[in-house]
Amino acid sequence: MNRMDEAAKKLKIDWETYKTLRSPRTSLAVTFPIRMDNGSVEIFTGYRVLYNYVRGPSKGGVRYHPEVNLEEITALAAIMTLKCAVAEVPFGGAKGGVACDPSKMSINELERLTRRYTYMIMPLLGPDKDIPAPDVNTNQQTMAWMMDTYSMLAGYTVPGVVTGKPFQLGGSKGRGYATGRGVAFVTSEMLQRLNMPLKGATVAIQGFGNVGSNTARFLHQEGCKIVGVTDISGGLLNEGGLDIPALLKHVEDEKKISGFKDGEFITDYRRANERLLKSDVDILIPAALENQITEENALDVRAKVIVEGANGPITGTADKILSKKGTTVVPDIIANSGGVIVSYFEWVQDVQAYLWTEDQVNQRLKELITSAFTGVWDAAQEHKTDMRQAAYMEAVGKVVEVTRLRGIFP
Ligand code: GLU
């Protein structure tokens with residue numbers, strides 16, 4: 001039985017209404033040609049899944065990765081539905097992606113791919129319908145191209161159709177850092193509940209993209225000791241604590257952690273990840289792809305707390321092993337919700353054409369994510385369960401309640 005079904009059973013909610021949440025509402029697969037820089041034509045496949053939109057327009061990122069497929073995108077779109085519900089932002093959940101290897105593509109090829117993909121999924125998009133954002137291997141620039149393509153086809157400028165845009169195009173202050181800032185807030189709340197000091201806590205982070213790097217930035221500012229990080233170029237380990245400001249500067253210039261001289265460097269990223277996931281730390285933060293902690297390695301995890309910066313980094317079986325071992329897991333739908341919370345703020349600013357200051361954004365992010373965390377923590381105590389099941393119960397309960405109130409059409 002999957003996590004959503006388990007939560008619904010435990011809540012004892014009306015199964016007939018809950019059933020509507022077990023499948024995606026709209027799934028679109030598109031295949032399209034792109035002219036490459038060398039003159040050849042390549043065929044790409046992309047997807048956009050709007051999992052559920054009873055609570056509002058669907059919301060979720062777009063990822064570019066060779067392994068993108070419909071099953072993965074659907075699972076991630078379901079996670080977005082629950083994430084928006086726990087955070088109490090008025091959105092449903094969606095996800096999109098294109099199967100491609102962006103590391104082997106030029107900027108011009110990426111622009112053509114983004115524009116054609118946007119065109120292909122255009123019927124689904126709109127500030128009141130479905131609103132993409134960045135995810136794995138996509139960024140502000142990707143969102144600028146999506147926004148421009150949508151606007152050109154609409155005939156007027158529509159900033160609210162995507163979030164995570166550059167500030168000059170209607171992006172929000174603080175959106176770039178938001179997911180990492182949120183992960184840091186949630187980590188701090190969790191440690192307080194466990195009576196563990198944040199200052200001096202040791203941390204290992206898998207992945208050093210937008211989420212991993214900004215999580216390192218904010219946890220370092222809080223006085224944590226980041227003793228290991230990995231990315232696609234390898235792993236950096238230093239028991240004494242890595243120089244995070246210098247590493248962030250290095251990654252800004254080089255786009256990868258390799259070449260940074262501090263501690264031990266492991267060039268093989270698979271081996272680096274294996275070492276990192278098993279490191280003897282207080283906090284482990286998987287902030288890369290899904291299915292990293294599995295039944296194969298869960299028993300070897302030594303961290304006391306795992307905070308899911310990535311979506312779905314722990315498999316269902318691994319979850320059970322960790323729970324038996326007494327490892328505390330802060331699940332993705334609460335841990336990394338800072339990104340979509342500030343996406344909501346960005347959309348509000350766009351549709352009202354009224355900009356907020358960075359302090360307002362950060363303050364409201366803190367309020368929303370802390371209140372979501374507290375809700376989940378309280379539910380976990382009340383139902384005598386772990387944070388994942390509590391978060392799923394909160395989320396499923398909210399979506400099912402709205403479904404019940406709206407009724408079934410026709
Ligand atoms: N891709 C991010 C996530 O998985 C952000 C989604 C959004 O802001 O819409 O939460």
Side-chain angles (χ1 to χ4, degrees), residues 47-53 55-65 68 72-98 121 124-140 142-143 146-147 159-166 170-172 174-183 186 207 209-215 285-290 307-313 330-350 361 364-365 368-369 372 391 395:
Y47 309 92
R48 185 75 184 166
V49 174
L50 316 189
Y51 194 85
N52 187 286
Y53 31 84
R55 297 184 64 261
S58 52
K59 188 84 193 80
V62 169
R63 62 172 58 184
Y64 291 168
H65 194 272
V68 159
E72 177 203 37
I73 296 297
T74 306
L76 293 166
I79 288 179
M80 283 309 302
T81 307
L82 304 175
K83 197 185 292 182
C84 292
V86 185
E88 301 216 58
V89 296
F91 288 138
K95 201 79 172 194
V98 179
I121 64 165
L124 303 183
L125 301 178
D128 299 317
K129 291 163 73 181
D130 177 45
I131 309 148
D135 197 79
V136 175
N137 294 331
T138 57
N139 54 29
Q140 288 200 358
T142 322
M143 292 306 114
M146 288 192 86
M147 183 275 222
V161 69
V162 295
T163 60
K165 301 175 289 296
S172 178
R175 175 62 184 88
Y177 299 125
T179 313
R181 198 185 279 279
V183 174
V186 163
N210 176 282
V211 182
S213 65
N214 286 309
T215 298
I285 304 187
L289 293 172
E290 55 269 27
V307 183
E308 292 187 325
N311 291 314
V330 187
D332 45 10
I333 61 173
I334 168 94
N336 69 36
S337 63
V340 77
I341 290 175
V342 176
S343 274
Y344 166 56
F345 297 160
E346 179 170 332
W347 177 80
V348 168
Q349 293 172 75
D350 288 339
V361 170
R364 289 173 183 169
L365 164 61
L368 255 69
I369 203 164

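Whatever order the structure lists them in is the order used to number ligands and atoms, beginning at 1.
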Residue part near ligand 1, for Lys95, under 4.0 Å between non-hydrogen atoms: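 Side chain only; the backbone of Lys95 stays clear of ligand 1.
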Mode of Asn311 contact toward ligand 1 - side chain, backbone, both, neither (heavy atoms, under 4.0 Å):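 For Asn311, the contact with ligand 1 is made by the side chain alone.
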Exercise: do Thr138 and Arg63 side chains pair donor with acceptor under 3.5 Å: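 Side chains of Thr138 and Arg63: no pair found under 3.5 Å.
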Contact check, [X] vs ligand 1, heavy-atom distance below 4.0 Å:
{"X": "Arg63", "value": "no"}
{"X": "Glu346", "value": "no"}
{"X": "Pro134", "value": "yes"}

I need the nearest protein heavy-atom contact for [atom]: residue, atom name and distance, please.
{"atom": "atom 5 (C) of ligand 1", "value": "Arg175 NH2, 3.6 Å"}
{"atom": "atom 7 (C) of ligand 1", "value": "Ala133 CB, 3.3 Å"}
{"atom": "atom 9 (O) of ligand 1", "value": "Lys59 NZ, 2.8 Å"}
{"atom": "atom 1 (N) of ligand 1", "value": "Asp135 OD1, 2.7 Å"}
{"atom": "atom 10 (O) of ligand 1", "value": "Lys83 NZ, 2.6 Å"}

Side chain to side chain donor-acceptor pair (under 3.5 Å) evaluation trace for Asn311 with Asn336: CA-CA 8 Å; Asn311 291 314; Asn336 69 36; 2.9 Å; yes
N or O pair under 3.5 Å between Ser343 and ligand 1: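 By distance alone, the answer is yes.
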Atoms of ligand 1, numbered as shown, that sit under 4.0 Å from any heavy atom of Met80: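 This gives 3 (C), 4 (O), 6 (C), 10 (O) as the contact atoms.
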Test item: Asp130 side-chain N/O and Leu124 main-chain N/O as donor-acceptor pair under 3.5 Å: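 Not a single qualifying donor-acceptor pair exists.
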